[in-house]
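See structure below.
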Amino acid sequence: MKISYSLLCFFVFTTIGFSQSKQKEKLTLEDGVSEQLAHFRKKQISKLTYGLSFEIPEKKAQSINAELVLDLVIADGSESLYLDFKEKTQNIKSVTANGKNIPIVHQKGHIIIPAEGLVKGKNTIAISFIAGDLSLNRNDDFLYTLLVPDRASTLFPCLDQPDIKATYKLKLTVPKDWSVLAGAYVEEKFEKDDFTSYTFGESDKMSTYLFSFVAGKFKSITEKPGLEMTMLYRENNAEKLKSSTDTIFKLHQQSLDFLEKYTHYKFPFQKLDFASIPVFQYGGMEHVGAIQYKESTLFLDNSATDSEKLDRAKLIAHETSHMWFGDLVTMKWFDDVWMKEVFANFMADKIMNPIFPKVNHNLQFLTAHYPNAYGEDRSLGTHPIKQNLANLKNAGSLYGAIIYNKAPIMMRQLEASMGKTAFQKGIEKYIKKYANDNADWNNLVEILDAETPLDMKKWSEVWVNKSGRAIFTDKIAYDAQNRISSFEITQQAEDRSTNVWPQIFDIGLVYPNNVKVISATIKDKSLSLKEAIGLEKPIAVIYNYNGFGYGVFPLDGNNLESVLSLKDEVARASTYINIYENTLTGNIAPTKAFDCFVKGIQQEQNELVLKIITNQTSAVFWKYLTQKQQNRAQKQLEEVVFDRLKTNLPSNIKKTLFNLFSSIAYSDSGKVKLYAIWSKETVISGLKLNEDDYTNMAMNLAIFKHEKADEILNKTKTSISNPDKQKRFEFLLPSLSKDEGGRDAFVQSLKDDANREKEAWVSVGLANINHPLRQESAQRYIRFSLDLVDEIQRTGDIFFPKDWLNNTIGKYSSKYAFDEVQRFLKENPNFSPILKRKLMQATDGLYRAQNIKKETE
C-alpha cells in the first residue's frame with residue numbers, strides 16, 4: 001500500500017513525536033501549546049533568531065506576504081521540530097530546512113519539520129507564507145500587532161511559549177506615507193514606487209508575545225527627558241497635545257529612574273519608544289522597545305481631573321515597570337503571568353509617591369485595587385492568584401482583577417510582613433539572577449525565604465494558591481465601668497473552607513475628641529487584642545482603618561454614619577468599601593447603604609473617596625434597589641448631586657459629581673437640566689467639560705429618550721473633530737437608536753467577527769443596548785449573548801470575553817435574567833469551565849440581587 005510522504009509525516013509525528021525510541025515519552029500533538037510540547041521544545045531548542053519580512057499593502061483587505069528565516073540550535077537531530085502557526089494551511093507557500101525543500105505538513109496549528117531535514121547543532125528553517133490577520137489589528141490607514149499571550153503564532157510561524165526567548169531581525173515594507181515602529185532601531189530605509197522598506201537592526205532578546213510593530217499614518221515626536229524616546233500618535237486636539245506631550249515623556253523617564261534605583265539594574269533594552277493608538281484594546285502593552293497605549297488615556301486636556309492624571313501616570317509606570325518585570329525577567333509558563341502583572345502594578349504604586357507628593361498613596365492604592373479585587377473574589381467564579389494552565393491556548397482566561405488587583409494587595413501584605421528593606425533586597429537578587437531569562441513563583445519564594453524568618457511557603461500557600469477572602473467577626477465585652485474587658489477577632493473563609501489569611505491591619509477606636517489606632521496582626525483563625533483591654537468604650541469601632549486588611553469586616557449597622565465624621569481619608573474610603581461589601585453579603589439593607597452614600601456625596605471633599613462613593617451609589621441604585629425604591633431614590637439623588645454641583649467646589653470634585661449626575665438624570669426634570677448643559681445653555685461654574693464629555697451626554701440623553709434625541713445625536717456626530725472618534729461614534733449610533741429595529745440590527749451584526757474587531761467600541765455599544773432603562777426590550781438578547789461567548793473567547797483578545805459578559809448579562813439584576821443563565825447552564829453541561837468562571841464573575845451582582853431584593857420585598 002502506497003502512502004504519501006505528508007500523510008506518513010502526520011501519522012508519525014502526531015503519535016511518536018519525541019523520537020522513534022520507545023524509551024522516550026511520546027508526544028501527543030494537540031491544538032495550542034501543551035505543557036508537554038513546551039517542556040519538550042525547551043530541552044530541544046536554543047539560540048533562536050527570527051528573520052521576518054512583511055509586505056503591507058495599501059488596502060487592508062489585501063493579503064500580507066511574509067517570509068521567515070529562523071536560525072536555531074537543535075540539541076538532538078533525531079527529533080522533529082514543531083513550529084506553531086494557527087492559520088490556514090493554504091497560507092503556507094513553501095518550507096525549506098537547511099536549504100532543502102520539504103513537504104508542507106500542517107496539523108493542529110503546527111508546522112512539522114521532520115527529523116530527516118534537521119541536524120544536531122545549527123539549523124535554518126525558511127518559510128514563505130501569508131501573515132495571519134487575527135492579531136494584526138488592521139485599520140484603513142494603520143495597523144498594530146498585539147500578540148499576548150499566544151497570538152504570535154496567529155501572525156507568523158514560531159515557537160510561541162514564553163521560556164523560549166529569541167532576537168528578531170525585522171523588515172517592513174509599507175505605503176510611502178506610513179510611519180513604522182518596532183523593537184529595534186531602523187538601520188536601512190529604501191523607497192520604491194509607492195512603498196518604503198524599513199530594515200531594523202537585531203532586537204533585544206524577548207519572548208514571542210513581546211514582539212511587535214506598528215505601521216500607519218502616524219505623526220511622531222522625539223524628546224530626550226534623559227533617555228531619548230520617540231512617540232507615534234494620531235491625536236489631533238491641539239490643547240491635549242500641548243498639555244500632555246512633555247508630561248508623557250517625563251513620566252516615562254521618572255519611572256525609569258525609580259526602577260533603576262530600586263532594582264539596582266540599568267534599563268535593560270536598547271530603546272524605549274511608544275505608540276499611542278486610538279482603538280487600542282487595553283490601557284497599554286509592554287512590548288520591548290515599542291510600548292503601545294490607548295490614546296484616550298495618554299492625552300488629557302485642561303478639564304482632566306487629578307484622578308485621570310494619576311491613572312495616566314500609573315499606566316505609564318506600569319508598562320515601564322514591565323521592562324524589568326516581565327520583559328527582562330519573564331515567567332516560565334503563563335500560569336505565572338500574575339507575577340509580571342503584580343510587580344508592574346506594585347512598582348507603579350511606588351513610583352507614584354515622588355511624582356504626586358500631594359496624593360495620599362495609601363488611599364490611592366486602596367481605591368485602585370480593593371473594589372476590583374473584591375468584585376471577582378466574592379463571586380462564584382473566584383480563583384487563586386496562581387492558576388493551573390495545561391495549554392497556552394487558554395492563557396487569556398487567566399487575566400482579570402485577581403492578578404491585577406488582589407495580587408498587589410497580597411504583595412503589599414508580604415512586604416509589610418517581611419519589612420521593606422528585606423523585600424527590596426530579595427527583589428534585587430531576583431532581577432540579577434534571572435535577567436534575560438525565565439523564572440517562576442517558586443524561584444522568587446526561594447530568594448525571599450532567605451531574607452526573612454517568615455515561612456514563605458506556608459504564607460504563599462493561602463495567599464497565592466487559594467481563592468477567596470476572610471469574613472471577620474468580633475466579640476467585644478465591657479466591664480461595669482464601660483471599659484473593654486476582652487476583644488476577640490475571628491476570621492472564617494467566605495467559601496466555608498479552613499483557609500486562614502495571615503495579615504496586618506489597623507483598628508480605629510473612635511472617641512469624641514480622638515481616635516485610638518491599634519495594630520492587629522492576625523496569624524491564625526482568631527486574635528485576642530490585648531492592647532484594647534482597659535480602654536473606654538468607643539463611639540465606633542472602625543476596622544481596616546489603614547486600608548491594609550483584605551476581607552469583609554464587622555460593621556455596626558445602626559451606626560453607619562460614623563463614617564461621615566472620620567477625618568482620615570483612608571479610613572473613610574475603607575469604611576465606605578466595607579459598607580458596600582456588607583450590603584452584598586446581606587448584613588446591611590441596600591436602602592441604608594444608599595442613604596449613607598448620598599450623605600457622603602453631599603460632603604466628601606476628596607476626589608478618590610468621592611469616586612468610590614459615587615461608583616457604589618450607582619451600583620446599589622441600579623442593581624439592588626427594588627423598582628419602587630429606585631423611583632423614590634432617583635429624584636433624591638438627582639437633586640442632591642445637582643445642588644452640590646452649583647456650590648463652590650474644586651473642578652475635579654465637580655467633574656466626579658457631574659459624571660454621576662449625567663448617568664442618572666433620566667427624570668423629566670433631569671433631562672431638561674442635562675440637555676441645557678449639553679446645549680451650553682447652562683454653564684456650571686468651575687465644571688470643565690471636553691468633547692468626550694459632550695459625546696457621553698448625548699449618548700445618555702438618547703438612552704433617556706429625550707424628545708430631541710435624533711437631533712442631539714446628529715449634531716454630536718458633526719461636531720466631533722477627531723476622525724478616529726467620529727468613526728467610533730458612527731459605529732455606536734445604531735446602539736443608541738430609539739427604534740428597536742435599529743438596535744436589533746446592531747446586536748445581530750455582532751454575529752460576524754469582523755464587526756467585533758473594535759472590541760472597546762463593541763463593549764460600549766452593548767452597554768447602551770443593555771442599559772437598565774432598556775432591559776425590558778433588550779432581555780431577549782441575553783441568550784444570544786451567552787450562546788456567542790464561546791466564539792468571543794476564540795476570536796477575541798484576552799479581556800474581551802469578560803467585557804462581553806459584563807456588558808450583556810452583567811448589566812441585569814432581574815429574575816428573568818437569572819433564570820436565563822440557569823437555563824443556559826443546564827442546556828450546556830459541557831460549557832467551558834474557564835468561561836463559566838468568567839460568567840460567574842460577571843453575574844455576581846445578578847445572583848446577589850435575587851437574595852437582596854427578595855429580603856427587601
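Every heavy atom of this structure was used, including side-chain atoms; hydrogens, water molecules and symmetry mates were not. Numbers here are sequence positions counted from 1.
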Cut-off 3.5 Å, side chains only: do [X] and [Y] have a donor facing an acceptor?
X      : Y      : value
Asn578 : Asn582 : yes
Asp336 : Trp338 : yes
Tyr404 : Asn345 : no
Thr367 : Lys611 : no

Can you confirm whether [X] sits close enough to [Y] that some side-chain heavy atom of one is under 4.5 Å from a side-chain heavy atom of the other?
X      : Y      : result
Thr575 : Leu566 : yes
Glu531 : Lys516 : yes
Glu341 : His322 : yes
Leu509 : Val541 : yes
Ile316 : Ile351 : no
Val515 : Tyr545 : yes
Val510 : Ser562 : no
Ile507 : Phe553 : no

Q. Think Arg412 forms a cation-pi with Phe548, using NZ or CZ under 6.0 Å from the six-ring centre and within 45 degrees of its axis?
A. yes
Nearest heavy atoms of [X] and [Y], plus distance in Å:
X      : Y      : answer
Ser519 : Asp506 : CA-OD1, 3.4 Å
Lys811 : Ala767 : CE-CB, 3.9 Å
Leu315 : Gly284 : CD1-N, 3.8 Å
Asn770 : Thr808 : ND2-CA, 3.7 Å
Ala573 : Leu366 : CB-CD2, 3.6 Å
Val462 : Pro502 : CG1-CD, 3.8 Å

Are the side chain of [X] and the backbone N or O of [Y] linked by a donor-acceptor pair below 3.5 Å?
X      : Y      : result
Glu604 : Leu610 : no
Lys537 : Tyr478 : no
Lys838 : Ser397 : yes
Gln850 : Leu846 : yes
Thr617 : Ile613 : yes
Ser574 : Asn544 : yes
Glu607 : Asn652 : no
Lys654 : Thr647 : yes
Asn443 : Asp440 : yes
Gln503 : Ile522 : no

Inspect the contact between Asp377 and Arg469 and indicate whether a charged nitrogen and a carboxylate oxygen are less than 4.0 angstrom apart.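 So Arg469 does not pair with Asp377 through a salt bridge.
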Problem set entry | N-O pairing of Lys457 and Asp449 below 4.0 Å | no
Centroid-to-centroid, Tyr550 to Tyr374, below 6.0 Å?
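So the answer is yes for these two rings.
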| query | Does the ring centre of Phe505 sit less than 6.0 Å away from the ring centre of Phe472? | reply | yes
Got a sec: does the [atom1] of [X] have more than 12 other heavy atoms crowding it under 6.0 Å?
X      : atom1 : value
Glu488 : CD    : yes
Asn648 : CG    : no
Asn388 : CG    : no
Lys836 : NZ    : no

Worksheet entry | Option passing salt bridge (Lys or Arg N to Asp or Glu O under 4.0 Å) with Glu415 (candidates Lys420, Lys425, Lys350) |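 Going through the options one by one, the only one that passes is Lys350.
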Note to self: Walk me through whether Leu637 and Phe594 qualify under side-chain contact (heavy atoms from CB on, under 4.5 Å).
What the structure shows: CA-CA 10 Å; Leu637 183 58; Phe594 182 84; 4.1 Å; yes
Nearest 0.5 angstrom please: [X] [atom1] to [Y] [atom2], how far?
X      : Y      : atom1 : atom2 : value
Asn465 : Gln387 : CG    : CD    : 11.0 Å
Phe597 : Leu560 : CZ    : CG    : 8.5 Å
Asn806 : Thr843 : CG    : OG1   : 9.5 Å
Ile588 : Cys596 : CD1   : SG    : 9.5 Å
Lys429 : Glu446 : NZ    : CD    : 11.5 Å
Asn587 : Asp556 : CG    : CG    : 12.0 Å

Between Asn631 and the options Gln629, Gln627, Lys628, Lys635, the side chain to side chain donor-acceptor pair (under 3.5 Å) test singles out Gln627
